[in-house]
Asker: 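I'd like to ask some things about the structure below.
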Amino acid sequence: MKSLRDCFASLAMTARELSLRGAPRRSNLVQTAAVIFVALLAPGPAEAYRLLVSNEKDNTVTVVAGDTLEIVKTIPVGARPRGMALSPDGGTAYVCTSDANHIEVLDLANLSLSGTLPSGPDPEFFALSPDGHTLYIANEDNNLVSVVDVPSAKVIAEIPTGVEPEGMAVSPDGATVVNTSETTSMAHFIDTAEKKVVANVLVGSRPRFAAFTGDGKQVWVSSEVGGTVAVIDAASHKIEHTISFEVPGVRRETIQPVGINLSRDGKLAFVALGPANRVAVIDQKSFEVVKYLLVGQRVWHMDFSPDQKVLYTANGISNDMSVIDVTALKVTKSVPVGHLPWGVLAVP
Amino acid sequence: MVLVGLVAARPAGADNSAPAKGEIEIVYLSTPGHDQAIAGVRVGIADDNGTGRFLGQSFRLNEVAVSDEKVETDPSWSLIVADLLAPQLLALADLPAMHDATILDVATADDALRQQSCRANVLHILPSRAMLADALMQYLVVKNWRRIMLLVGNEPGDALYAEAIRRAAKKFPVSIVADRKWSFNPAAQQADTGHFQVNAEVAEATRGEDYDVLVVADEAGNFGGQLAYRTDKPRPIAGTQGMTPTAWSPVFDEYASTQLQNRFQREAHRPMTARDYAGWLAARAIGEAATRSGKTDPQAIGTYMRSSGFELAGYKGAPLSFRPWDGQLRQPVLLVDDRSLVSISPQPGFLHQFDELDTLGVDQPETQCRLK
């Protein structure tokens with residue numbers, strides 16, 4: 001291994017010297033060696049994946065290759081695409097097109113639209129049941145959660161919740177859905193079998209996002225105006241802990257928690273802080289903030305790579321996607337995407 | 001006891017059933033034909049009930065018209081949204097029956113009501129003229145447009161607006177290179193060929209000094225809308241017309257405000273003004289205090305509203321709360337023209353020891369208000 005590395009280093013040196021001398025391109029030898037080298041260094045067979053970024057303003061979804069971070073395709077979709085979800089078989093992505101008042105179905109094999117699903121008016125965010133059969137959609141304008149049966153493409157129930165429903169999360173066992181309502185400032189727990197609200201938990205002002213921990217025991221809810229994240233016990237519906245944020249040199253009112261991603265191993269939580277342009281890294285057990293990572297402007301939502309070693313963020317104002325190395329807790333790259341990127345989704 | 005009083009005091013024709021457990025009455029007072037905040041109050045109460053139904057709280061609107069001459073009240077009123085001018089507001093606040101009430105003023109911007117004439121039972125929702133002027137001056141400082149010409153109309157409010165501009169200019173500092181009164185007849189524009197005359201008058205009124213911005217004080221809109229493009233020098237207009245500091249505007253769509261704009265448009269069939277916003281905020285302040293305190297007792301709601309823990313989401317980013325020294329709602333102020341949002345003050349860099357929102361208006365150390 002060492003000798004190969006040395007070999008590459010010397011070859012690279014040669015290439016640099018060549019280019020300094022005005023050589024038009026690297027020699028084939030250097031290129032071949034580089035390919036071999038990269039292949040040898042790669043940690044096992046990395047799972048190939050792509051990232052979808054929903055761009056609220058220009059009505060597109062940008063497809064970025066996970067390995068090269070190059071844009072593969074820009075797919076035109078309906079008006080104001082925001083929330084996205086992946087089918088369990090990995091073949092389909094669903095996109096909330098809020099101003100088009102429906103859900104668009106993306107075929108991931110050929111990266112094109114294959115149909116639409118009904119959603120109720122102004123769908124902003126949704127959650128897909130673990131079996132992929134049911135979509136729970138927050139209808140921001142009329143205080144409802146619409147339940148859509150995916151195979152038949154029909155709205156099968158409408159559940160009244162608070163004012164301005166937004167955040168949606170399904171428990172890992174599919175039995176509970178949590179919806180947050182922004183003006184009402186509550187997390188509503190919905191029994192999916194009964195299709196009705198069973199508990200309402202008052203949280204900080206303007207709750208935007210909900211996420212279940214991997215074991216399904218907690219629900220984390222971010223409050224944009226309150227500036228906090230409430231950790232709710234999923235069984236007792238009691239708030240176990242409230243996490244606050246303080247970033248030196250950043251005005252308190254710009255700290256507006258939005259997207260939450262909880263690592264599967266139960267160790268870390270990532271919270272996007274909106275106009276504070278930071279992602280807070282939190283210890284899932286102690287609830288302590290470990291680090292604040294500077295990302296692009298107005299960070300909204302995030303997603304992990306399938307192996308959870310990388311986290312991607314959609315930055316609404318700087319029109320880019322930040323790439324976070326989860327092991328090193330460092331921002332490694334920024335990838336320009338469309339206008340007003342809102343959501344990110346890792347797909348096969 | 002209180003319940004009996006409440007029922008007995010209800011005017012004939014009103015809902016005579018005893019208030020249900022958890023019912024909170026919001027009284028809206030206006031003079032006939034001047035109920036400019038009512039549409040916002042209605043949307044706010046609907047939002048309150050959206051939350052209340054999960055907590056066993058309900059909010060009921062009691063709309064009452066008062067006469068110009070005499071303000072009469074019902075002793076059971078405790079949470080009042082007052083869409084009244086300054087003299088009536090003070091008359092209401094000073095009634096013995098209102099001593100323990102919480103009166104939310106949704107009509108005035110008068111600094112006097114927040115200063116020497118302040119009352120402990122009154123909270124002010126709209127930004128004061130001092131806050132509006134500070135919001136504008138901060139922006140002018142950021143742009144480095146530091147020389148203004150001030151043009152003041154003839155209405156009493158115009159003089160107060162101009163006074164707030166002068167105070168703010170001194171504070172930042174921005175220099176007022178010319179301080180002039182508008183003295184022409186505003187009716188000319190309506191006559192055929194009247195625009196020639198208006199153009200000549202505006203050019204004449206703005207001649208002689210160089211400046212960066214023409215700041216106009218014309219609250220009633222008598223002439224301010226006819227200044228742009230007619231001034232002697234090509235200069236932008238700000239103040240009561242042109243780029244205007246305001247609590248709210250239909251052009252504003254940041255911080256999810258589109259949600260509220262849409263809700264209001266659906267209910268009222270027109271765009272949402274600053275007065276509508278004030279009505280909505282007043283109803284929401286009551287609702288939020290009831291929700292967070294878990295109380296339905298109006299006194300407890302009023303106390304919570306004034307406490308340091310109170311935070312109201314007003315679709316302007318920062319949480320809003322009441323200043324303990326004068327009952328003013330602290331809030332960001334929008335700078336807008338007819339078509340777009342220009343900026344939001346406080347401007348970045350205007351720092352404050354406790355809360356940047358307190359860089360707008362009269363701060364605690366300078367207040368003349370002694371709440372009683």
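Basis for what follows: all heavy atoms, side chains included, without hydrogens, waters or symmetry-related copies.
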Asker: Which of these, Asn143(A), Thr184(A), Val163(A), sits in a side-chain contact (heavy atoms from CB on, under 4.5 Å) with Asp47(B)?
Answerer: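 Of the listed options, the one satisfying the test is Val163(A).
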Asker: Of the non-hydrogen atoms in Gly226(A) and Glu311(B), which two are nearest, and what is the gap between them?
Answerer: CA-OE1, 4.0 Å
Asker: Identify the two heavy atoms, one from Asp141(A) and one from Arg266(B), that lie closest to each other, and give their separation to 0.1 Å.
Answerer: O-NH2, 3.0 Å
Asker: Under 4.5 Å from any heavy atom of chain A, what part of Asn262(B) do you find: side chain, backbone, both or neither?
Answerer: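 It is the side chain, since no backbone atom gets that close.
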Asker: Decide, yes or no, whether a salt bridge links Glu164(A) with Arg263(B) under the criterion of side-chain N to carboxylate O below 4.0 Å.
Answerer: yes
Asker: Supply the atom-to-atom distance Phe54(B) CZ to His188(A) NE2, rounded to the nearest 0.5 angstrom.
Answerer: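 Between atom CZ of Phe54(B) and atom NE2 of His188(A) there are 4.5 Å.
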Asker: Please indicate whether His241(A) has more than 12 foreign heavy atoms, meaning atoms of other residues, nucleotides or ligands, lying under 6.0 Å from its NE2.
Answerer: yes
Asker: Side chain, backbone, both or neither: which part of Val201(A) has a non-hydrogen atom closer than 4.5 Å to chain B?
Answerer: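 For Val201(A), no heavy atom lies under 4.5 Å from chain B.
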Asker: What pair of heavy atoms forms the shortest contact from Thr51(B) to Thr183(A), and how long is it?
Answerer: OG1-O, 4.1 Å
Asker: Quick check on Asn142(A) against chain B: is it the side chain, the backbone, both or neither that has a heavy atom closer than 4.5 Å?
Answerer: neither
Asker: Do Tyr255(B) and Glu224(A) have side chains that get closer than 4.5 Å, going by heavy atoms?
Answerer: no
Asker: Should we say atom NZ of Lys171(B) is surrounded by more than 12 heavy atoms from elsewhere, each under 6.0 Å from it?
Answerer: yes
Asker: Go through Thr161(A), Thr254(A), Asp122(A), Val197(A) and name the one with the most non-hydrogen pairs under 4.5 angstrom from chain B.
Answerer: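 Looking at each option in turn, the highest pair count goes to Thr161(A).
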Asker: Hey, what do you get for CG (Asp355(B)) to CZ (Arg251(A)), rounding to the nearest 0.5 Å?
Answerer: 9.5 Å
Asker: Of all heavy-atom pairs between Arg292(B) and Ser205(A), which one has the smallest distance, and what is that distance?
Answerer: NH2-N, 3.8 Å
Asker: Please determine, among Ala46(B), Gly317(B), Gly52(B), the option with the most heavy-atom pairs under 4.5 Å with chain A.
Answerer: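 The answer is Gly317(B).
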Asker: Does Glu246(A) CD have over 12 foreign heavy atoms under 6.0 Å away?
Answerer: no
Asker: Would you call Glu288(B) and Arg206(A) a salt bridge, using N to O less than 4.0 angstrom?
Answerer: no
Asker: With a 4.5 Å heavy-atom cut-off, do Glu356(B) and Arg252(A) have their side chains touching?
Answerer: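 They are not in side-chain contact.
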Asker: With a 4.5 angstrom heavy-atom cut-off, which part of Pro332(B) approaches chain A: side chain, backbone, both or neither?
Answerer: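 Neither; nothing under 4.5 Å.
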